[in-house]
Amino acid sequence: KTQLVAYPCGNTNTSYVIPASVTEILPNAFHGTAFVADVTFEAGTKIKTIGTDAFGWSTSLVSIVIPDSVVTIKGAFTYCPKLKTVTYGKNSNVETISGGAFSSCDALEVVYIPAKAKDVSFPSTGAFAKVVVDPANPYYWADEHGAFFNKEKTKLICFPVDCETTNYTVPEGVKEIEKGAFSRCYALTNVTFPSTLEKIGTQAFYMCKNLKSVTIPANVSLIGDYAFDDCIALETVTFEENSKLKEIGDDLFDDCESL
């Protein structure tokens, strides 16, 4: 009883307690369950891994508390449209949150990064208003807007899709805006870049439908594919003098119909 292999999708119970002996929830174990709203873990649980899509398409799941024993979460909650809260204990041992663990969890308001998490990847789809990083985490940092950075604050990894901020200034010292970092941030109308910026990743501002203008700093040497694709309100793009730009990706301003 160390692996939870599968939960019957047709079971109409709205809650389930995972036995303490289980150390791993296998991929797709709860996939497609339409009735379970609450999953808890038995006292003394030894659970360490929650596998890929373990709760994928669990359309009634509302909340879950991740036990301190869990180390790895692999893309486990894809398309849980009612999932509002994911809670970690003060002594959480989670190190990996990977594979777009909360992709298309549009009811999830806050993504929390525990103290020991060192391998985190964000979903390409899914709305959330804020990222909160445990102050003791030595690998990551989040600002007052809930934007997510590496600890050195040289990489902006993700900006929260549902953040209501319209004007955002990327902090000085940031060198890279990673792939898809601002993708689908509909509220943004203006982003100010720091002089230190060197790279704007692929689809970094994809579908920022209200973004009106950008000024590219002189130190930027690379702008990835589709970086401003489908920014339909974008009217002006200005490059600073003495630009070091060497590499421009494909379809950089595709579907920017106002440009």
Side-chain angles (χ1 to χ4, degrees), residues 1-105 107-126 128 131-140 148 151 157-158:
K1 302 177 181 179
T2 57
Q3 293 181 324
L4 198 163
V5 180
Y7 182 88
C9 291
N11 191 317
T12 59
N13 290 330
T14 58
S15 63
Y16 181 72
V17 179
I18 295 174
S21 61
V22 172
T23 59
E24 181 179 10
I25 301 174
L26 293 187
N28 301 303
F30 287 83
H31 189 279
T33 53
F35 300 100
V36 176
D38 181 47
V39 174
T40 55
F41 295 82
E42 192 175 32
T45 181
K46 299 178 177 64
I47 187 75
K48 291 187 177 298
T49 301
I50 303 177
T52 302
D53 241 14
F55 292 91
W57 292 78
S58 294
T59 54
S60 293
L61 186 65
V62 173
S63 65
I64 190 166
V65 176
I66 307 296
D68 287 345
S69 57
V70 172
V71 176
T72 303
I73 301 172
K74 300 178 179 178
F77 299 94
T78 301
Y79 195 73
C80 294
K82 294 183 179 179
L83 184 64
K84 292 183 178 181
T85 59
V86 177
T87 306
Y88 301 86
K90 292 182 179 180
N91 299 309
S92 174
N93 284 290
V94 168
E95 295 181 357
T96 300
I97 304 172
S98 66
F102 304 106
S103 180
S104 296
C105 293
L108 189 64
E109 296 181 353
V110 177
V111 174
Y112 183 76
I113 308 300
K116 295 182 180 180
K118 59 183 178 180
D119 180 11
V120 177
S121 63
F122 275 87
S124 58
T125 58
F128 54 93
V131 179
V132 175
V133 178
D134 190 300
N137 189 296
Y139 306 103
Y140 299 108
F148 185 55
K151 195 69 170 184
I157 300 167
C158 184

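Every heavy atom of this structure was used, including side-chain atoms; hydrogens, water molecules and symmetry mates were not. Here, residue 1 is the first one in the sequence, and each next residue gets the next number. Not measured: the values here are computed from a predicted model.
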How many angstroms lie between [atom1] in [X] and [atom2] in [Y], if you round to the nearest 0.5 Å?
X: Phe102; Y: Ser121; atom1: CZ; atom2: OG; answer: 10.5 Å
X: Leu4; Y: Thr23; atom1: CG; atom2: OG1; answer: 10.5 Å
X: Ile64; Y: Ile73; atom1: CD1; atom2: CD1; answer: 8.5 Å

Tell me, which pairs form a side-chain hydrogen bond (donor to acceptor under 3.5 Å, both in side chains) where one or both residues lie in [range], sequence neighbours left out?
range: residues 89-101; result: Asn93-Lys116
range: residues 77-89; result: Asp53-Thr78
range: residues 2-12; result: Gln3-Glu24, Asn11-Asn13

For this session: Work out which heavy atom in Ala115 is nearest to a heavy atom in Pro138; give both atom names and the distance.
Result: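 Closest approach of Ala115 to Pro138, heavy atoms only: O-CD, 3.4 Å.
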
For this session: Considering non-hydrogen atoms only, spot the tightest contact between Pro114 and Val94 and give its length.
Result: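 Closest heavy-atom pair between Pro114 and Val94: CG-CB, 4.2 Å.
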
For this session: For Asn137, check side-chain contact (heavy atoms from CB on, under 4.5 Å) against everything at least two apart and list the hits.
Result: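 Partners of Asn137 by the side-chain contact (heavy atoms from CB on, under 4.5 Å) criterion, ordered by chain and then number, come out as Ile113, Ala117, Val133, Tyr139, Tyr140.
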
For this session: Only counting residues at least two apart or in another chain, list the ones meeting side-chain contact (heavy atoms from CB on, under 4.5 Å) with Ala6.
Result: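 Counting only residues at least two positions away or on another chain, Ala6 forms no side-chain contact (heavy atoms from CB on, under 4.5 Å).
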
Test item: [X] and [Y] side chains (from C-beta on) under 4.5 Å apart, heavy atoms:
X: Ile66; Y: Ile50; result: yes
X: Leu108; Y: Cys80; result: no
X: Val120; Y: Phe148; result: yes

N/O donor-acceptor pairs under 3.5 Å from side chains in residues 32-49, not counting sequence neighbours:
{"residue": "Thr33", "atom": "OG1", "partner": "Phe30", "partner atom": "O", "Å": "3.0"}
{"residue": "Thr33", "atom": "OG1", "partner": "Ser58", "partner atom": "OG", "Å": "3.1"}
{"residue": "Glu42", "atom": "OE1", "partner": "Ala20", "partner atom": "N", "Å": "2.7"}
{"residue": "Thr45", "atom": "OG1", "partner": "Ile47", "partner atom": "N", "Å": "3.2"}

Problem set entry | Atom NZ of Lys151 with >12 non-hydrogen neighbours under 6.0 angstrom |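 It does: Lys151 NZ has more than 12 such atoms within range.
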
